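For reference, the structure discussed in these notes is given below.
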Amino acid sequence: MHDLVYHGQIYDVNGLRKATIIIEAGKIVKVKQPDTSVKGEVTINYLENPNVIAFPGFIDMHVHLRDFKQSYKETIDTGTLAAAKGGITVVGDMPNTIPRLDTLNTIEERKEIYEEKSHVDYYVYSAIPRNREEIDTILSLELVMGIKLYPPDYSHPNLLASLKSLKKKGKILVVHPEEKTMYKEALDLVETLYVRPVNAEHWAVIHLGDIIGSNNVKVHITHVTSPESLFLSRRYGFTVDTCPHYVLFDIEHVFLKGCLAKVYPPIRSMQDRIRLWSLLRNGYIDAVSSDHAPHGNAEKYCCPSTCPAGINGVEITAPFLGHLVGLGEMRIREMYRYLAYNPARILGLNKYGVFCRYCRGNMTVIDFSGKTVVDPKASPSKTNYSIYEGFVFFSKILATIVGGQPVYHNDRLEPMVRGVSVGEFENK
Ligand SMILES: [Zn+2]
């Protein structure tokens with residue numbers, strides 16, 4: 001008996017078509033012409049609904065699932081359930097945890113929690129390793145897909161050794177682009193626009209282009225907030241992603257939303273937002289990530305000068321892009337490239353992002369005639385606030401399938417489902 005059989009429309013590199021997909025032991029074993037006589041332990045049939053489309057499982061390249069000493073903000077358990085509800089089947093977790101992911105020990109500890117608790121597939125980025133002698137070992141781990149570079153680390157004494165090792169292992173450097181010497185901490189939210197300016201982002205890309213360009217390392221610039229950063233990144237051959245909040249909000253919303261809109265890099269001017277929006281809808285970005293950065297509810301409802309920066313959005317990225325496709329604002333091809341195909345290619349994953357034989361059995365099934373009303377109180381995430389509260393996106397996640405198991409289907413989460421490390425699956 002097959003573990004899961006899906007009948008219905010699918011979309012990937014071969015375009016939109018009707019098919020039957022058969023998944024066994026975590027892998028796709030067959031993609032064939034629609035054949036409803038095939039049945040599985042779980043059979044999902046949307047053949048009769050022209051508004052429902054299944055994609056290779058979506059990948060969020062940038063989340064902060066906290067845990068460790070910040071389990072009150074979010075845990076790998078709650079964060080991956082929220083991801084599943086949002087149609088995300090793979091999360092890329094950032095290393096600014098407490099303790100920081102910059103030693104072999106902490107990464108091993110992280111791995112144990114992921115193996116035990118994660119409801120979707122996963123990988124982590126290491127920070128620049130603290131001990132030079134651990135760099136090669138850390139980057140050899142299947143769990144670690146690359147290094148995240150934060151502004152204070154642009155001049156880290158282990159940066160060059162890390163670049164050398166990244167090149168050797170074929171892994172990526174993901175960069176938070178803000179030139180540290182060009183910004184200050186702001187006292188209030190609106191001041192942020194001036195003391196943490198957008199050209200600190202442009203200069204960071206140039207600075208990194210100069211350091212890294214000659215080292216031949218794969219570089220990905222995350223959460224770009226302006227078209228100039230994108231153009232500069234292209235000059236150096238870097239890939240980029242942006243986040244929904246940089247195309248949905250600008251400085252006016254910062255007045256209205258207060259701490260809920262506090263995030264680094266900050267929300268920009270209306271001009272930057274609209275120009276970035278136009279690039280996004282026309283397919284010029286490489287990927288869209290959430291930069292899901294949850295905080296304690298009391299912390300986020302506090303005072304503008306001291307509330308922590310970060311927007312929690314792992315659940316809304318896919319419904320938001322689905323909304324744009326449904327409205328005819330963006331082509332379905334772009335949604336697929338941003339959330340599945342490109343993230344897999346950027347990470348060097350061949351068994352993700354497409355429907356192929358022996359690829360991972362991950363799928364995101366979307367109803368483009370459905371609707372998602374954002375209600376943070378109903379979220380499996382630990383946060384009960386959201387800048388998107390009350391937003392209505394005209395698309396709905398019907399099912400999130402991880403390794404052939406529905407972790408979310410028909411408005412229900414199945415918390416028994418566990419994901420695997422993408423690096424481990426890839427090397428099998
Ligand atoms: Zn982040």
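All values derive from a computational prediction rather than experimental measurement. When a ligand or atom number is given, it counts from 1 through the structure's own listing order. Position 1 is the first residue of the sequence; numbering continues from there.
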With sequence neighbours excluded, give me every salt bridge (Lys or Arg N to Asp or Glu O under 4.0 Å) pair touching residues 290-301.
-> Lys73-Glu299
For the pair Arg268 and Glu201, find out whether any cationic side-chain nitrogen is under 4.0 Å from an anionic carboxylate oxygen.
-> yes
Could you count the protein N, O or S atoms found under 2.8 Å away from the Zn ion (ligand 1)?
-> 3
Salt bridge (Lys or Arg N to Asp or Glu O under 4.0 Å) contacts in which one or both residues fall within residues 254-264, not counting sequence neighbours = none
Apply side chain to side chain contact (heavy atoms under 4.5 Å, CB included) to Ile251 and Ile267, showing your working.
-> CA-CA 6 Å; Ile251 190 67; Ile267 299 292; 5.7 Å; no
Is NZ or CZ of Lys180 both nearer than 6.0 Å to the six-membered ring centre of Tyr154 and within 45° of the ring axis?
-> no
Sequence-distant partners of Cys259, disulfide (SG to SG under 2.5 Å), two or more places apart = Cys307
